[in-house]
K.L.:
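Starting off with a structure, shown below.
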Amino acid sequence: MTTREKLWQPSEERIRQSPMYAYQQWLADKKGVHTTGFAELHRWSVDNLDDFWESIWEYFDVVGTRGDGPVRTGDSIEKTTWFPGASVNYAQNLLRHVHTMPDREAVVALHESDPRESYTWKELNGKVGALAAALRDMGVRPGDRVAAVLPNIAETIIALLASATVGAVWSVVNTDFGESGIADRFAQIEPKVLLTVDGFDFNGTYRNMLPQIESTLGVLPSVEHHILIDRHRDSHPDTYTDLPGQESTGNTTSVTHHRFSELTATPQDPVYEPVEFSHPLWILYSSGTTGKPKGIVHGHGGIVLDVYKMVGLHNGSDENTRLYFAVATTWMVWNLMVNVLALGSTTITYDGSPAYPSPARLFDIAESENVTEIGTGAALLSLIEKAGINPSESYKLPHLEHIMSTGSTLPGSTWRWAYEQVKHDFQLGSSSGGTDICSGILGANPFDPVYVNELQGKVLGVDAHAFNAQGESVIGEVGELVFTQPLPNMPVMFWNDPDGSKYHDAYFADFPGVWRHGDWATQLPEGPWIIHGRSDSTINRGGIRMGSADICDVVDQVPGVATSMVIGAEVGDGDYYMPLFVVPARGHTLDEDLKSAIVEAIRTKISPRYVPDELIEAPAVPRTRTGKLMEVPIKKVFQGADPSTINRTAAEDVATVDWYVDFARQRVRKNRD
C-alpha cells in the first residue's frame, strides 16, 4: 500500500470560520440534524436527498417562488423532475447584491494592454438591465437562443446575465473557434441573436475579429440581430473599415447590426422573467472529438441551487472573496467563474494569454488584485512549475486562500511545488466533474486535510461510487466513477434529442439507473479519491488496468520531459500496442539517456508491466480547447478508425492532431504490410 503524503491540515479556527461549518450548525439548530465532520454531513446529504436540497433553498434564501410542490418527482435518476411548480431566475439570484452593496466591485476586467476596468454592482446591474431591454426590443422571448463568440471579458458576463434575465437560452464559444467549429455548435441551436467582439490582445498581438463577422453570419442563417462589442473604436479605428453596415444579408436572413456601447449606454434595472425551475438557461457542448458536439442543456433552478452549494459551501465564497479563474469562455469553468456573483464575490476576467508575458501571469494578477481564490487547469500550474518559477520569492500573496485545479490530473510534483513554492498555508483542491453537470462530483471541502494526488472527497448531495464491471461499489480498487441518485444540475435535456436516446446512451446505458461519468477512480478506505483518467483511455496490459494519467504523471516528473501521452490500442489478432509519446523540455531531445530514465521511472514507480512498446518524440500532445487530452480519438485511429471521425474543430491545435494522425496511419499501414 502506497504511503499517503499529507501536505496541509486546516486549523480548527479556519474550519469554524468556514461557511460550511456555519451551515452545519444551522442544520443542528433549525433542523435537528447533528453531524460531526464532513463525512457525516455528506452521508446525511445523500441519505436525505430531498431534505438536503430543500435546506439549500432555505439556508441561502433563493430568490424565486418555491411553490408548494415536492422537491422532486419521477421514478428514476434520468426521469427526475426537480421542484415542480417553482420558479427561479439565474440572473436575479446573481444580481441580488445590488440592493445591499451597490458601490462595491462586482466585476474587474483585465487585459494584456488595455487599462483595467471595474464594474460596481450598480453599474453591472444597469448594463444587464439595458441589454435585456434591448433583447426584448429585438423580439427575443423565453426559449429563444442568444449565441456569442466572445473572449473572457466583462461584457460576456453582462450578455449572459441579460440573456438569462429575459428567459433566453445562452450559448458561447471562445474567439479561437473557426467557422466550422462555430457552425457545428450554433447552427443546431438556431440562435436569433449573435454577439461578437471587435478585437482583443492575445500573446502580445492585437487580434482583429471584425473581418470574421460576415462569414460567421453566413453559417448561422437563423440570426436576425448581431451585437458588436465595440471596445476598440478609438484604439484601433483603422479596423472599423471592416465593419458591416447597419443591415446585411447572412445566409438566408436579413441581419440588423447593433453596437453594444449604444445598447447599454443608459442604465436600466433588469425586469426578470419568472421562468419555471427547469427552464433552459444555457447550452454547453460535449467535446466533439468524434462527431459533432452534443448540446448539453442546463436549467435555471438546478444551476442556482448547485451554485449556492458549491460556491457557498465547498468554496466558502462570500462578499470578501476575489476570484480569478484562468479560463476561456468555452470551458464550463468560465460559468463557475460567473457563478460566484451569487455569493456577492468579485470575479476577475482576463482575455489575454495565461502565459504572456511569462507563465507567471497568473500570479501577477493574484498579487495586483488581492485574489483570494485562483482557478486554473492543471496544465497551467505544471507549466509554471516546470518554468522554474518560485512565486513565494517574487510575489506577496497574503490574501490567497485557495487554488482550484481541474481539467486533468495534477502531477504529484506540482502538488508539492504548490506548498513549497507558492504558499504554505492555503488549500490546494483538485476536482472532478465537468461540462455534463457544470459542477463537481468529487472535490475539496474546508474540513479535511490535503494529500498528494488525492481529491478530498465527494461533493455534498452527490452519491458517488466506484463501480466494478459487475456494477458493485468498491473501495480501494479502480472502478468507474458513477453516482446513483439524481442531481438538480444534471442536464434537463440534450438539444435536438426529442426521445432522450442520446442522453440515455451518454450516461445510463452501462449501469441501468446509474450515471456513469467516464472516469476511472479509486475511493480510498480513508475517504478521499484518486482519479486515474478517462475510462475509455485505460491502459490494459495483460488484463490489468491502469489509468493513462497514472503513467504520464510518473513520466512527466522525469527531468527533461515537458509532457507526455500514452495510449493502449487493440490492433487486431489479439495484439496490443502501447506507445508513449514524449514532448521533451526545452533544450532536450528524446535521446537514449532520456529514454532510459523514463523506462526506469516506469519500472520502479509503477511496474515493469507498463513499460511502453515504443517511446516517440512528439512536438506536443493533442488537447481539446478546454485542455483535455485527445487520447481516445487518437487511439481509435491507431485501431484503424477513419481519421475523418476526429472533429478537428474541437482541437486546440489542428497541426498537432495531424501529426498524430500521420503517425498512426504509418503504423497501421506497416501492420497491414
K.L.:
Could you walk me through whether Val88 and Trp57 satisfy the side chain to side chain contact (heavy atoms under 4.5 Å, CB included) test, starting with their C-alpha distance in whole Å, then the side-chain angles of each, then the deciding distance to 0.1 Å, before giving a yes or no?
P.N.:
CA-CA 11 Å; Val88 180; Trp57 186 302; 3.5 Å; yes
K.L.:
Taking Lys309 for its side chain and Leu460 for its backbone only, find out whether a donor-acceptor pair lies under 3.5 Å.
P.N.:
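Yes, because the side chain of Lys309 sits within donor-acceptor range (under 3.5 Å) of the backbone of Leu460.
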K.L.:
Are the side chains of Pro191 and Ser171 in touch, meaning some heavy atoms are under 4.5 Å apart?
P.N.:
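When only atoms from C-beta onward are counted, Ser171 and Pro191 do not touch, as no gap falls below 4.5 Å.
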K.L.:
Which of parallel (below 30°), tilted (30 to 60°) and perpendicular (above 60°) describes Phe483 and Trp515?
P.N.:
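Judged by the thresholds at 30° and 60°, the geometry between Phe483 and Trp515 is parallel.
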K.L.:
Between Glu54 and Lys31, is there a side-chain N and carboxylate O pair less than 4.0 Å apart?
P.N.:
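Salt bridge absent between Glu54 and Lys31.
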K.L.:
What is the minimum heavy-atom distance between Tyr272 and Asn89, and which atoms define it?
P.N.:
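It is CD2-OD1, 3.9 Å.
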K.L.:
Is it true that a side-chain atom of Thr81 and a backbone atom of Pro84 form a donor plus acceptor pair closer than 3.5 Å?
P.N.:
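No; judged by distance alone, with no hydrogens or angles, the pair does not exist.
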K.L.:
Distance from Lys628 atom NZ to Glu652 atom CD, nearest 0.5 Å?
P.N.:
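If I round to the nearest 0.5 Å, the distance is 13.0 Å.
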K.L.:
Does the side chain of Met337 come within less than 4.5 Å of Leu323's, by heavy atoms?
P.N.:
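Heavy-atom side-chain distance check passes, below 4.5 Å.
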K.L.:
First locate atom OG of Ser45, then atom CG of Leu27, and finally report the distance between them rounded to the nearest 0.5 Å.
P.N.:
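If we round to the nearest 0.5 Å, Ser45:OG and Leu27:CG are 10.0 Å apart.
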K.L.:
Hey, what do you get for NE2 (His314) to OG (Ser431), rounding to the nearest 0.5 Å?
P.N.:
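So the NE2 of His314 and the OG of Ser431 are separated by 11.0 Å.
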K.L.:
Compute both the distance and the angle, then confirm whether Arg625 meets the cation-pi test with Phe177: under 6.0 Å from the six-membered ring centre, within 45 degrees of the axis.
P.N.:
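Positive - Arg625 is close enough to the ring of Phe177 and near enough to its axis.
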K.L.:
Quick one: are Ile441 and Ser432 in side-chain contact, heavy atoms under 4.5 Å?
P.N.:
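Contact flag for Ile441/Ser432 side chains = no.
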K.L.:
Measure the shortest side-chain to side-chain distance between Leu362 and Pro354 over non-hydrogen atoms and say whether it is less than 4.5 angstrom.
P.N.:
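They are not in side-chain contact.
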K.L.:
Measure across Val327 and Asn152 and return the closest heavy-atom pair with its distance rounded to 0.1 Å.
P.N.:
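Taking every non-hydrogen atom into account, O-ND2, 3.5 Å.
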K.L.:
So which of Trp170, Phe277, Trp282 actually passes ring pair (Phe, Tyr, Trp, His ring centres under 6.0 Å) with Tyr90?
P.N.:
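Output: one option passes, namely Trp282.
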K.L.:
Which residue is it: Met490, Gln485, Arg72? I am looking for the one with a side chain to side chain contact (heavy atoms under 4.5 Å, CB included) to Thr80.
P.N.:
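Of the listed residues Met490, Gln485, Arg72, the side chain to side chain contact (heavy atoms under 4.5 Å, CB included) partner of Thr80 is Arg72.
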K.L.:
Just do the side chain to side chain contact (heavy atoms under 4.5 Å, CB included) check on Val304 and Val62 with the steps written out, would you?
P.N.:
CA-CA 8 Å; Val304 166; Val62 170; 4.1 Å; yes
K.L.:
Leu95 and Pro270: which non-hydrogen atoms are nearest, and at how many Å?
P.N.:
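That would be CD1-CG, 4.3 Å.
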K.L.:
For Tyr285 and Ile296, run side chain to side chain contact (heavy atoms under 4.5 Å, CB included): C-alpha distance rounded to whole Å, both residues' side-chain angles, the deciding distance at 0.1 Å, then the answer.
P.N.:
CA-CA 5 Å; Tyr285 299 93; Ile296 301 172; over 6 Å; no
K.L.:
Go through the steps for Gln92 and Glu273 under the test side chain to side chain donor-acceptor pair (under 3.5 Å), then give the verdict.
P.N.:
CA-CA 9 Å; Gln92 188 173 15; Glu273 192 72 30; over 6 Å; no
K.L.:
For residues Thr349 and Ala109, report the shortest heavy-atom separation together with the two atoms involved.
P.N.:
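Closest approach of Thr349 to Ala109: OG1-CA, 3.3 Å.
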K.L.:
Report the relative orientation of the aromatic rings in His465 and Phe467; use parallel for angles under 30°, tilted for 30 to 60°, perpendicular for over 60°.
P.N.:
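Tilted: the ring planes of His465 and Phe467 meet at 30° to 60°.
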K.L.:
Using atom types as modelled and distance alone, determine if a side-chain donor or acceptor of Gln188 lies under 3.5 Å from a backbone N or O of Asp184.
P.N.:
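Pair found, side chain donor or acceptor close to backbone of Asp184.
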K.L.:
Does the side chain of Phe52 come within less than 4.5 Å of Asn48's, by heavy atoms?
P.N.:
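SC-SC contact between Asn48 and Phe52 ruled out.
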K.L.:
Does the pair Lys502/Asp505 count as a salt bridge with the N-to-O cut at 4.0 Å?
P.N.:
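The answer is no: the pair does not qualify as a salt bridge.
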K.L.:
Using a 4.5 Å cut-off on heavy atoms from C-beta on, say whether the side chain of Arg322 contacts that of His399.
P.N.:
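No. Closest side-chain heavy atoms not under 4.5 Å.
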K.L.:
Do Leu7 and Val452 make a side-chain contact, defined as non-hydrogen atoms from C-beta onward lying under 4.5 Å apart?
P.N.:
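With C-beta onward as the side chain, the pair touches.
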K.L.:
Can you label the angle between the Tyr23 ring and the Trp26 ring as parallel, tilted or perpendicular, going by 30° and 60°?
P.N.:
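The rings of Tyr23 and Trp26 lie parallel, inter-plane angle below 30°.
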K.L.:
For the side chain of Glu276 and the backbone of Ser87, is there at least one donor-acceptor N/O pair under 3.5 Å apart?
P.N.:
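It does not hold such a pair.
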K.L.:
Could you please spell out the steps behind the side chain to side chain donor-acceptor pair (under 3.5 Å) verdict for Thr120 and Glu105?
P.N.:
CA-CA 4 Å; Thr120 64; Glu105 281 186 335; over 6 Å; no
K.L.:
Are Asp499 and Ser501 close enough, and set up right, to give a side chain to side chain donor-acceptor pair (under 3.5 Å), and what steps lead you there?
P.N.:
CA-CA 6 Å; Asp499 64 357; Ser501 58; 2.8 Å; yes
K.L.:
Quick one: do Arg516 and Glu480 satisfy salt bridge (charged side-chain N to carboxylate O under 4.0 Å, His left out)? Show the steps, please.
P.N.:
CA-CA 7 Å; Arg516 183 187 75 90; Glu480 286 270 6; 3.4 Å; yes
K.L.:
Which is it for Trp121 and His99 under the side chain to side chain contact (heavy atoms under 4.5 Å, CB included) test, yes or no, and what are the steps along the way?
P.N.:
CA-CA 9 Å; Trp121 284 98; His99 304 296; over 6 Å; no
K.L.:
State whether the side chain of Arg145 and the backbone N or O of Gly143 hold a donor-acceptor pair below 3.5 Å, judged by distance alone.
P.N.:
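Checked: pair present.
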K.L.:
Roughly how far, to the nearest 0.5 Å, is the CD atom of Gln456 from the CD atom of Glu454?
P.N.:
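Reported to 0.5 Å precision, the distance equals 9.5 Å.
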K.L.:
Checking Arg96 side chain against Gly344 main chain: does a donor-acceptor pair fall under 3.5 Å?
P.N.:
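Answer holds: no.
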K.L.:
Provide the closest heavy-atom pair for Leu343 versus His97 in the form atom of the first, atom of the second, distance.
P.N.:
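Closest approach of Leu343 to His97: C-NE2, 3.5 Å.
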K.L.:
Would you compute the distance between atom CD1 of Ile15 and atom CE of Met20 and round it to the nearest 0.5 angstrom?
P.N.:
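Interatomic distance, Ile15 CD1 to Met20 CE, rounded to 0.5 Å: 11.0 Å.
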K.L.:
Would you say the side-chain atoms of Asn93 pair up with the backbone N or O of Val63, donor to acceptor, closer than 3.5 Å?
P.N.:
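Confirmed, Asn93 side chain pairs with Val63 backbone.
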K.L.:
Mind running ring pair (Phe, Tyr, Trp, His ring centres under 6.0 Å) on Phe508 and Tyr503 for me, showing each step along the way?
P.N.:
CA-CA 8 Å; Phe508 305 106; Tyr503 179 52; 5.5 Å; yes
K.L.:
Look only at the side chain of Thr372 and the backbone of Glu401, and say whether a donor-acceptor pair between them is shorter than 3.5 Å.
P.N.:
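No; zero donor-acceptor contacts below 3.5 Å.
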K.L.:
Of all heavy-atom pairs between Ala154 and Tyr119, which one has the smallest distance, and what is that distance?
P.N.:
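Closest approach of Ala154 to Tyr119: CB-CE1, 3.4 Å.
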K.L.:
Under the side chain to side chain donor-acceptor pair (under 3.5 Å) criterion, do Asp436 and Tyr507 qualify, and how do the steps go?
P.N.:
CA-CA 9 Å; Asp436 316 83; Tyr507 307 115; 2.6 Å; yes
K.L.:
Keeping the roles fixed (side chain from Lys458, backbone from Ala464), state whether a donor-acceptor pair exists under 3.5 Å.
P.N.:
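The answer is yes, because a donor-acceptor pair under 3.5 Å joins these two groups.
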K.L.:
Starting at OG1 of Thr347, measure out to CG of Leu124 and round the result to the nearest 0.5 Å.
P.N.:
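These two atoms lie 10.5 Å from each other.
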K.L.:
Quick one: does any side-chain atom of His402 pair with a main-chain N or O of Leu428 as donor and acceptor, under 3.5 Å?
P.N.:
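Here the side-chain-to-backbone pair does not exist.
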K.L.:
So do the side chains of Phe447 and Ser18 get within less than 4.5 Å of each other, counting heavy atoms only?
P.N.:
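Sidechains of Ser18 and Phe447: in contact.
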